[in-house]
Amino acid sequence: MARRLHPVAALDHAHVWHPFTQMRDWLRAEPIVLTHGRGATLRDVQGRRYLDANSSIWTNLHGHRHPRLDAALRRQLGKVAHTSSLGLAGEPAARLAAELVDAAVPPAPTPDSNTAPNPTLTKVFFSDDGSTAIETALKLAYEFTRRTHGPKPAPRFLSIDGAYHGDTVGAVSVGHIDLFHKAYGGLLFRADRVASPYCYRCPFNKAAPERADARSYRKCHWECVDGVASQFERAQRTKRPYSAFVYEPRMQGAAGMIAQPDGWLPRVATIARAQGSLLIADEVMTGFGRTGGASLFAGHAEGVVPDLMALAKGLTGGYLPLAATLATQPIFDAFLGEYAEFRTFFHGHSYTGNALGCAVARESLALLRPARSQRTREALARQLTEGLATLWQRPSVGDIRQVGLVAGIELVQDWQRRTPFPLAARAGIRVCEAMTRRGVLTRSIGNVVVLMPPYCTRPDELRRMVSALHDSIEEIHG
Ligand SMILES: *Cc1c(COP(=O)(O)O)cnc(C)c1O
């Protein structure tokens, strides 16, 4: 028999059901019980220290126990923790909404920009997490389309292959990860899919594998974009147009850190707009400076502003569950009317616009916006690029995809043939377990290991994250 579990671990084993976890495996091993954090470091009940190399599942921005975020929460606690948004307004939510609308304005377009004019996001609907932010966007788009184009045919959605948009029923419906979604097929509505612009595994990419990001040496004729165009044309022909196109800008996260080649997003956005479709941007993972550049939102780097934008994860700097769906004025206006017309958006949550969440989100935005903060993120991203370059020495590294401070490292059996590991071989999980033994915490998505450091990560800490990854790949896969 194994030695006795720590009392907290024993309680966890007795009663906590963990997300996305095979609980039989979970109950076989003593879990790491985290108790403290500071900056990029987490500490467990045994006093062991770990680097938080995936920002506590992509939520944390400025590190743990950031003095300014802690103080903002204490200040709000000195006033009130939560009041209802039903029939009442609150200061933190009102101020945060204004600041989000302001941050969602893209930097001035360059004079030679030839993309279609962008809409302006003016309204903010608060909810609790990424799934509910997407759910809100889907309902708004659905109802907007019915009200502006008539109820028939029922509005439909188009999204990207492999997409993950959350776990509520609507969010699962527009997702395309069969492993997660098959089980609930009977509960879902149908959403069509277009190919993911996944250069490394694209059937149209004629380039032989190189030791570089597949986007940089791809040989194709944008067949993925042609596929999007023909999907929209088919929908028009059959008189069942799409209400909205749902996408993650610049990089699909849970799909496997699939980075889009520059130019993909403005091309598909132009096609969708020309066909009268709304754009729903899921910036739950990419938002708040994660993907680099002068703006806080990934779509801006490609000059695309959506009609609806879902935000969560980094919104509170990783402190509290809070989400927001930003919408344009025309979408908002479609819900206006006399009380008895019942055009109201009948949707909401008990904790809508929670005061503590909004207060810490405001402080997080204030930390993000100065140019100095952007320079720090850019320096860290450059260091990450240099560090990741050392991984090409490992024959089991097939592709390295980095956008700003997100990186996915795709492991393969044979890089010259791009042969994938079978999922059951747990190739990514085993590397992450080896990293944990080296004091670095992260999680893989199938065969893709993720590095997503908090923005406060120091150069020596980033070096330790990358070398733990390098040494773990060498240990497990040679
Ligand atoms: C995590 C995630 C979601 C779901 O957010 P939750 O807060 O887990 O509900 C949706 N979309 C993207 C892109 C995500 O990364």
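Position 1 is the first residue of the sequence; numbering continues from there. Both ligands and their constituent atoms are indexed starting at 1 by order of listing. The shown structure was predicted, so the numbers you read here are calculated from the model rather than taken from an experiment.
- Taking 4.0 Å as the cut-off between side-chain N and carboxylate O, E143 and R146 count as a salt-bridged pair.
- Residues satisfying the salt bridge (Lys or Arg N to Asp or Glu O under 4.0 Å) test with R250, not counting sequence neighbours, are none.
- For the side-chain hydrogen bond (donor to acceptor under 3.5 Å, both in side chains) test, residues two or more places apart in sequence or in another chain that qualify with S295 are H300.
- Checked for salt-bridge contact, E433 and R426 meet the test: a charged N lies under 4.0 Å from a carboxylate O.
- Between R369 and E99 there is no salt bridge, since none of the side-chain N atoms of the basic residue sits less than 4.0 Å from a carboxylate O of the acidic one.
- Remark: R240 pairs with no residue by the side-chain hydrogen bond (donor to acceptor under 3.5 Å, both in side chains) rule, at least two apart or across chains.
- Ligand 1 is surrounded by W58, D129, G130, S131, Y164, H165, G166, E248, D282, V284, M285, K313, each with at least one heavy atom closer than 4.0 Å.
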